[in-house]
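Atoms within a ligand are numbered from 1 in the order they appear, just like the ligands themselves.
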Amino acid sequence: MAINYGLSEQQIEIRNIMREFALERVAPARQELDEKEEFPHALLQELGGMDMMGLYIPAEYEGFGGGSLDFCIGIEELSRICIGVSVSYAANALGSYPILLFGSDEQKKKYMPAIAKGKKYAAFGLTEANAGSDAGGIQTTAVLKGDKYILNGTKQWITNGGEADTYTIIAMTDKNKGARGASAFIVEKGMPGFSFGKKEKKLGIRASATRELVFQDCEVPKENLLSREGMGFIVAMKTLDTSRPGIGAQGVGLAQGALDEAVNYARTREQFGKPIIANQGLQWLLADMATKTEAARALLYAAARTIDSGEKDVSKVSAMCKLFSTDVAMEVTTDAVQVLGGYGYMREYPVEKMMRDAKILQIYEGTNQIQRGVIGAALIKEYASQKK
Ligand code: COS
């Protein structure tokens with residue numbers, strides 16, 4: 001029996017819709033998308049037509065109106081089949097959370113409906129060559145001149161880079177103030193001085209587009225500032241707090257996909273005159289894989305529900321579910337390759353791709369070392385405020 005997570009009818013429906021789409025549309029395409037390193041534009045367009053691109057976007061901005069758990073369930077199902085596709089899908093949320101969380105009603109009305117319908121994609125630009133984990137160390141600048149901000153600098157490894165039309169960019173408006181001198185902007189593809197660098201060649205998630213964003217005296221209208229000057233670091237941190245469960249969902253889905261492959265293979269593969277699943281050693285391995293995956297799912301759903309409850313400080317639980325699920329995904333995909341043995345190492349079976357795809361989950365949206373740092377900082381704060 002599957003665990004009863006008490007999902008709503010809507011959540012079960014989202015799961016069914018996304019599961020069917022992943023099996024029928026994504027599974028037949030994933031290998032070719034990976035080999036050709038091709039962005040899954042057609043699949044995302046289909047998801048747009050199904051109202052799923054705007055799953056996390058409020059109905060007043062033409063979205064589906066789902067919460068964090070609804071969205072995580074959608075990501076989980078896509079991730080069970082292909083992380084390259086699911087990250088291209090989920091990065092739209094990462095790119096648009098700054099607008100949803102900090103934008104004015106006018107900014108939301110201007111940008112969100114097209115993203116909700118899949119007519120435009122979004123991307124988030126924080127990372128730079130010398131500012132990865134140290135997000136406060138960004139060098140891109142934004143200087144107000146008349147009614148425009150002039151942006152200069154280069155953002156690196158931006159998911160959906162080049163494919164997206166709407167970018168939320170963190171740049172320094174006052175370099176003397178450190179993290180408090182950063183500001184967030186909405187930058188559109190085609191704005192003067194905005195171009196793209198090379199498309200990266202990656203170990204995994206090859207269907208996903210990863211590119212540099214280059215700003216050379218890029219002119220951004222003053223009204224595209226999000227919130228107010230100096231709020232950029234907070235915009236970035238709150239965005240990541242909201243978005244990290246999505247990476248947790250990628251981890252859970254990927255681990256489940258690898259477990260599916262491993263169990264099905266072990267049931268049918270015969271050696272020494274019996275299916276290999278009859279060996280206790282293999283059953284124990286599969287049991288550990290299944291238990292870890294379920295534990296990751298339970299933590300993920302609890303984290304998403306905490307966000308949906310309106311809780312303001314979700315840094316710790318968000319980091320915990322990202323950390324745990326993605327470490328589990330790395331372990332479970334590696335074990336799945338082991339279960340399939342030589343076949344697992346070959347491209348004709350999906351587990352080698354799953355193992356390659358798993359690695360980035362421990363790195364992007366904050367390495368798992370950074371997640372441990374966030375959890376540690378939260379513990380220090382919590383215990384310091386407790387009465388003895
Ligand atoms: N929510 C609200 N405010 C936050 C916050 C959060 N989650 N995290 C930090 N802040 C605030 C702090 O309270 C502090 O405010 P004050 O200046 O008023 O004291 C300010 O932001 C600076 O915080 P801190 O000193 O903790 O910043 P650090 O430079 O030490 O960096 C980490 C903190 C490491 C957590 C941050 O740089 C980070 O998340 N790095 C990883 C970035 C990342 O995920 N990159 C992946 C690419 S983006 S897809």
Side-chain angles (χ1 to χ4, degrees), residues 75 83 86-98 101-102 122-140 153-161 164 167-184 200 202 205 208-213 226-248 250 303 306-307 311-323 326 359-382 384-385:
I75 296 172
I83 294 286
S86 77
V87 68
S88 307
Y89 169 76
N92 287 292
L94 177 67
S96 46
Y97 280 141
L101 295 172
F102 290 91
F124 179 61
L126 171 66
T127 304
E128 297 177 5
N130 295 317
S133 293
D134 183 7
I138 56 167
Q139 297 294 315
T140 297
T154 301
K155 295 290 175 184
Q156 184 171 265
W157 300 330
I158 305 306
T159 306
N160 281 1
Y167 294 80
T168 45
I169 302 296
I170 312 296
M172 300 303 287
T173 38
D174 188 343
K175 278 199 164 183
N176 299 319
K177 288 191 181 159
R180 285 173 180 220
S183 302
E200 304 292 347
K202 305 189 293 291
I205 57 161
S208 139
T210 311
R211 284 176 90 140
E212 278 179 350
L213 313 180
L226 279 164
S227 183
R228 50 178 206 278
E229 276 195 21
M231 282 292 285
F233 193 74
I234 302 296
V235 171
M237 292 298 112
K238 289 280 180 202
T239 292
L240 290 166
D241 286 348
T242 312
S243 171
R244 280 178 183 148
I247 308 297
Q250 290 179 20
T306 305
I307 293 178
E311 171 62 50
K312 292 273 172 287
D313 186 359
V314 294
S315 302
K316 186 178 80 174
V317 71
S318 195
M320 279 177 164
C321 85
K322 191 274 185 188
L323 164 68
T326 61
K359 191 64 216 171
I360 191 62
L361 303 184
Q362 296 178 304
I363 299 171
Y364 63 22
E365 288 198 31
T367 63
N368 283 3
Q369 286 69 31
I370 286 291
Q371 308 308 320
R372 289 179 173 93
V374 169
I375 297 162
L379 288 176
I380 293 168
K381 211 165 113 187
E382 271 172 34
S385 66

Less than 3.5 Å apart, N/O on ligand 1 and N/O on the protein: could you list those pairs with the distances?
unit_1	atom_1	unit_2	atom_2	d
ligand 1	7 (N)	D241	OD2	2.9
ligand 1	7 (N)	S315	OG	3.1
ligand 1	17 (O)	R180	NE	2.9
ligand 1	17 (O)	R180	NH2	3.3
ligand 1	18 (O)	R180	NH2	2.4
ligand 1	37 (O)	S133	O	3.3
ligand 1	40 (N)	S133	O	2.8
ligand 1	44 (O)	R244	NH2	2.9
ligand 1	44 (O)	G366	N	3.1

Mind checking what makes side-chain hydrogen bond (donor to acceptor under 3.5 Å, both in side chains) contact with T239, not counting sequence neighbours? none
Strictly by salt bridge (charged side-chain N to carboxylate O under 4.0 Å, His left out), give each pair with a member in residues 124-135 just once, sequence neighbours left out. E128-K155
Are M231 and L226 side-chain neighbours, meaning at least one heavy-atom pair lies under 4.5 Å? no
Qualifying residue for side chain to side chain contact (heavy atoms under 4.5 Å, CB included) with F124, from I158, I170, T159, N92: I170
When rounded to the nearest 0.5 angstrom, what distance separates CD in Q371 from OG in S318? 7.5 Å
Partners of A164 by side-chain contact (heavy atoms from CB on, under 4.5 Å), sequence neighbours excluded? Y121, A123, N160, Y167
